[in-house]
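Reading through the structure tokens given below for one structure.
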Amino acid sequence: MAGQAILGENVLKPAMARQAVANTLEALVADYAQMVFRIAYSILRNHHDAEDATQECFLRALKHQDQLPQLRSAKTWIARLAWTAALDKRRSLRPMVSLDDEQSGGLAIHSIADRAAAPEQQVAGREMQQMLERLIAGLPEDLRRPLELSTVQDLNSTEIAEIMEIPEGSVRTRLFRARKQLKDKLAVLLKGKQHD
Amino acid sequence: MTDPNKEPQIDDMLESLLANYTSVVPRPGLETRILASLQETAARRSPWSWNFRGLWAGASAAAAVAVLLFFATHRHAGPQQKKSVYKPTAPATSVANMQEHPPAVISHPRLHLRWQVRSLATAANLPPSHRPGVFPTPVPLSEQEKLMLRYLSGTAREEVIAQSHPENAPQTSTETQDQTEVLPDLAHIPQIPGNTR
């Protein structure tokens, strides 16, 4: 009996716990890999870097696996890991990042709208996307970060607030100001195009 | 400031652009690559590393306890041990003698007991100047040795020799006679001095 108890305490329980953690991580990858990739992509704007950041995010999840049982929301936790991993990756990269993913050798950005559009519309759409990327890149950091996260459709303002560890009201205010600035700049650009 | 007439149009455009901002699909097999990298990392971080951590913790704790015990015992008996310097009393000192008559300088009862316990164990490890005069260092007889001595004292010498060399057992007188006949007489062969062959 004592031997069985020792075997259970020392061998079976840790093995079961490891298996449970492995299953949990596997489930996390299955459920949130796409979301993590999108968060990373919203910040890095490059497929390869976004994939690197995604892998780094899950490696960090493995490293901090002891936090898994106490988590209130695994989604927010993994999203925060993804966000910090992507920001770290962006810091480690050169300041000049190519906005054109095709030119950098990566795969094309397969936007959902692009798939069904005509070639002229695709070109126009890509131009507009590049313009938007430049406009977002020109925003102040405190406005840009919540806006980038808000473009990931899986996240609402409450989750963005948890990820950024700021009040939800601040997230809403910053998003409103960021959209306002973007609208103003977009209007100026469109006005200029019409004059041309 | 935006034109109020065009504001809804720009709003719609911005919403549409932001919606497509991260509508990307990763390369196929992303999940497989992530799982493979996780497995590789987990394999590198084997559970042995945790066991070694526990081992190191246990070893360091045991070492700390040993050091504490050492200091505790030596601080208590330290000044008295200085008096108990080993001085061989006679050249033919044996361990048995030492046990019976410990050096006079050991006066404390606890040290006396320790001396009795240690004398046998340390006799072989003493420096040459401190070793007893008898070599090899005498130690009490084991049970087997005692049995052997008892047997030898109660048995005839010839029998002991015969048993110790069974292949050279004492032969009968007739066999001895036969051997003398077979062996050639070597008395007449001249011995040349210096011939070593």
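Chain letters run A, B, ... following the sequence lines, proteins first and then strands; every chain starts at 1. Predicted, not measured: the structure shown is a model, and the values here were computed from it.
Clustering ILVMFWY residues whenever any of their side-chain heavy atoms sit less than 4.5 angstrom apart, transitively, puts Leu143(A) in a cluster other than the one holding Ile160(A).
Distance check: Gln129(A) CD to Ser16(B) OG gives 7.5 Å after rounding to the nearest 0.5 Å. Taking CD of Glu15(B) as the start and NZ of Lys183(A) as the end, the distance is 8.5 Å to the nearest 0.5 Å. Taking CG of Leu189(A) as the reference point, atom CD1 of Ile10(B) lies at 10.0 Å (rounded to 0.5 Å). Interatomic distance, Glu133(A) CD to Leu17(B) CG, rounded to the nearest 0.5 Å: 10.0 Å.
Under a cut-off of 6.0 angstrom, the local environment of CZ in Phe70(B) is sparse, with at most 12 non-hydrogen atoms contributed by other residues, nucleotides or ligands. Within 6.0 Å of atom CD in Gln144(B), 12 or fewer heavy atoms from other residues, nucleotides or ligands are found, so the atom counts as exposed in its surroundings. Other residues, nucleotides and ligands place no more than 12 heavy atoms under 6.0 Å from the CZ atom of Arg172(A).
Looking only at side-chain heavy atoms (C-beta outward), Leu18(B) and Arg179(A) come within less than 4.5 Å of each other. Asn20(B) is not listed as a side-chain neighbour of Leu132(A), based on a closest heavy-atom distance of 4.5 Å or more. A 4.5 Å side-chain heavy-atom check between Glu26(A) and Glu31(B) finds every atom pair outside the cut-off. Pro26(B) is not listed as a side-chain neighbour of His47(A), based on a closest heavy-atom distance of 4.5 Å or more.
Neither the backbone nor the side chain of Leu135(A) comes within less than 4.5 Å of any heavy atom in chain B. Proximity to chain B (any heavy atom under 4.5 Å) is restricted, for Leu186(A), to the side chain, taken from C-beta onward.
Tyr21(B) carries Arg45(A) over the face of its six-membered ring, with the cationic atom under 6.0 Å from the centre and within 45° of the normal.
Leu62(A) approaches Ala42(B) most closely through the heavy-atom pair CD2-N, 4.1 Å.
Across Thr22(B), Val25(B), Val24(B), Ile34(B), a single residue satisfies side chain to side chain contact (heavy atoms under 4.5 Å, CB included) together with Phe37(A), and that is Val24(B).
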